[in-house]
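I have placed the structure first, in the form of structure tokens, so that the comments after it can refer back to it.
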Protein chains: 2
Amino acid sequence: MLTRKQYELLMFIHERLKETGVPPSFDEMKDALDLRSKSGIHRLITALEERGFIRRLPNRARAMEVVRLPDSIAPGLGAPRPRGSFSPEVIEGSLGKLEPPRPAPEPVVQGTEIPVMGRIAAGVPIEAIQTHSHSISVPPELLGKGEHYALEVRGDSMIEAGILDGDTVLIRRTDSADSGDIVVALVDEEEATLKRLRKKGASIALEAANPAYETRIFGPGRVRVQGRLVALFRQY
Amino acid sequence: MLTRKQYELLMFIHERLKETGVPPSFDEMKDALDLRSKSGIHRLITALEERGFIRRLPNRARAMEVVRLPDSIAPGLGAPRPRGSFSPEVIEGSLGKLEPPRPAPEPVVQGTEIPVMGRIAAGVPIEAIQTHSHSISVPPELLGKGEHYALEVRGDSMIEAGILDGDTVLIRRTDSADSGDIVVALVDEEEATLKRLRKKGASIALEAANPAYETRIFGPGRVRVQGRLVALFRQY
DNA sequence: GGTAAATGTTCTCTTACTGTTCTCTATGAG
DNA sequence: CTCATAGAGAACAGTAAGAGAACATTTACC
């Protein structure tokens with residue numbers, strides 16, 4: 001999917017992000033790839049974006065993040081991707097050559113009940129979350145350490161992040177998050193909202209994933225992270 | 001499913017990707033298969049794409065990736081990754097009036113194991129799915145009647161429906177669907193694809209949720225529904 | 001033998017990718 | 001508001017890569 005240069009640049013950005021948490025500037029990338037001009041970087045970045053490996057905000061300095069890495073890096077086809085564990089199983093019988101899969105009878109395993117604490121507006125911030133409306137059961141492999149709760153998403157502000165109105169999001173309680181994470185943020189101790197977090201120095205930006213909504217920037221102390229998005233469910 | 005040549009080429013691409021992370025060019029593939037012309041490679045690639053083994057962007061250099069491998073070298077079921085399901089933690093004290101919910105200890109309930117049958121390209125149509133790569137457990141409340149299986153989505157063609165690359169979709173096996181449903185459709189008994197179904201008289205349209213992809217319309221008998229999308233999971 | 005799909009080859013044509021230089025503009029700091 | 005800086009992008013040149021028509025051969029199969 002990627003040419004050598006595109007691959008090199010993606011790896012560089014990824015490493016940089018892992019180490020410093022801050023994406024490199026065009027000039028830094030230029031030096032890293034040993035080029036004399038940022039223009040080449042610009043095109044590589046465009047290519048990476050087109051191929052779905054990075055996401056970025058145009059005209060914003062260092063505003064990019066790695067969305068996925070090439071399969072050769074982690075996942076692989078032999079083994080499932082690094083998302084959660086899974087239970088080994090022997091299923092699979094002889095399938096007709098073009099017949100759709102025919103799973104064996106579904107075995108039952110342990111799940112975990114997670115409370116749905118109410119709704120949260122992904123769009124305009126609304127009421128905080130405190131009502132425990134019902135519970136959903138969650139596959140254990142999605143749960144890492146820590147305490148979790150679920151929220152039902154209202155609004156369309158995160159639509160470009162693939163989070164739609166009516167989706168249920170699984171949140172891990174935490175008071176810290178990295179720039180780029182999608183979090184439940186409490187603003188001025190009053191409005192809770194689901195947004196992507198950006199750290200800008202001491203300030204914090206909460207950005208929606210919908211051009212119709214503006215990014216809101218707050219000074220230190222005004223935003224408190226209440227949890228980080230770890231999984232999403234949608235029922236059709 | 002694959003001819004000898006197609007198989008050889010697929011293996012070569014797969015190896016190359018594993019080793020260097022960069023897909024081979026047509027010329028490199030030509031040399032690897034000991035051919036004198038790229039043209040043959042072009043046809044083999046087209047065949048592999050049609051059959052759903054690779055995904056690619058047309059007119060882009062080295063823009064391809066292996067989506068799945070033939071059953072003969074079917075992915076082994078890797079070892080399950082153990083993950084502590086519970087580890088008590090001490091979290092901050094004093095709760096403000098809008099303090100986030102503090103769920104009671106998570107009760108354990110029954111879940112259901114559903115096999116992930118492989119990947120399906122949401123973008124370029126691909127072929128039938130039958131590799132059982134691993135399993136996920138699914139909350140029982142998402143399962144209705146009938147038989148289910150899961151697929152991992154590759155590609156971005158359903159992006160505007162909030163289905164992203166890497167998402168796992170839960171499919172209920174069925175051979176019927178209503179107009180507007182998102183289905184796994186098998187075209188000409190060959191290519192399987194995840195698309196939105198539209199019935200137009202006797203014909204059937206498969207439409208992507210991404211303006212970059214065209215809606216494809218087929219005459220009666222060419223499209224067979226293999227399942228209907230009933231839920232979606234995403235892990236962050 | 002007849003047919004269709006898969007292959008192998010040659011050639012041509014177009015487009016993509018890379019490296020570089022320069023210019024222009026949006027943004028954020030002060 | 002002004003300035004310095006990072007990002008956007010046009011233009012040029014050379015190389016690399018993909019698309020596909022045309023035709024001959026081979027293979028599998030009825």
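The sequence lines fix the lettering, A, B, ..., with proteins before strands; numbering per chain opens at 1.
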Seminar exercise, completed: Minimal heavy-atom distance between B:I45 and B:F26, with the atoms involved, is CG1-CZ, 4.3 Å
Problem set entry | B:S25 or A:M64, whichever maps to the more 5' nucleotide of DNA chain D | A:M64
Spacing of [X] atom [atom1] relative to [N] atom [atom2], expressed in whole Å:
X: B:M29; N: C:dG8; atom1: CE; atom2: C1'; value: 16 Å
X: B:L57; N: C:dC17; atom1: CG; atom2: P; value: 10 Å
X: B:K30; N: D:dA19; atom1: NZ; atom2: P; value: 16 Å
X: B:D27; N: D:dA19; atom1: CG; atom2: P; value: 13 Å
X: A:R43; N: C:dC17; atom1: CZ; atom2: C1'; value: 7 Å
X: A:L44; N: C:dT20; atom1: CG; atom2: P; value: 12 Å
X: A:F26; N: C:dT27; atom1: CZ; atom2: C1'; value: 14 Å
X: B:R56; N: D:dG18; atom1: CZ; atom2: P; value: 7 Å

Looking only at the side chain of [X] (C-beta and beyond, no hydrogens), which of the listed nucleotides [options] gets closest?
X: A:R60; options: C:dT27, D:dG7, C:dC17; answer: C:dT27
X: A:T3; options: C:dT20, D:dG7, C:dT18; answer: C:dT18
X: B:R62; options: D:dA8, C:dT7, D:dA17; answer: D:dA17
X: A:R36; options: C:dT21, D:dA17, C:dT9; answer: C:dT21
X: B:L35; options: C:dT9, D:dA19, C:dT20; answer: C:dT9
X: A:Q6; options: D:dG18, D:dA8, C:dC17; answer: C:dC17

Determine whether a donor-acceptor pair (N or O, by modelled atom type, separation under 3.5 Å) exists between the side chain of [X] and the backbone of [Y].
X: B:R62; Y: A:T3; value: no
X: B:R196; Y: B:G180; value: yes
X: A:T193; Y: A:K195; value: no

Base, sugar-phosphate, or nothing: which does [X] touch, judged by heavy atoms less than 4.0 Å apart?
X: B:I45; value: nothing
X: A:I41; value: nothing
X: A:R4; value: nothing
X: B:K5; value: sugar-phosphate

Exercise. On a plain distance test, is the side chain of B:S39 in donor-acceptor contact with the base of D:dA21 below 3.5 Å?
Worked result: yes
Problem set entry | Check ion pair B:E28-B:R16 (N to O, under 4.0 angstrom) | yes
Problem set entry | DNA chain C: 5'-proximal contact among A:A61 and A:R51 (nearest heavy atom) | A:R51
For this session: State whether A:H42 places a side-chain N or O below 4.0 Å from either non-bridging phosphate oxygen (OP1 or OP2) of D:dA8.
Result: yes
Exercise. Is the count of non-hydrogen atoms from other residues, nucleotides or ligands lying under 6.0 Å from B:E214 atom CD greater than 12?
Worked result: no
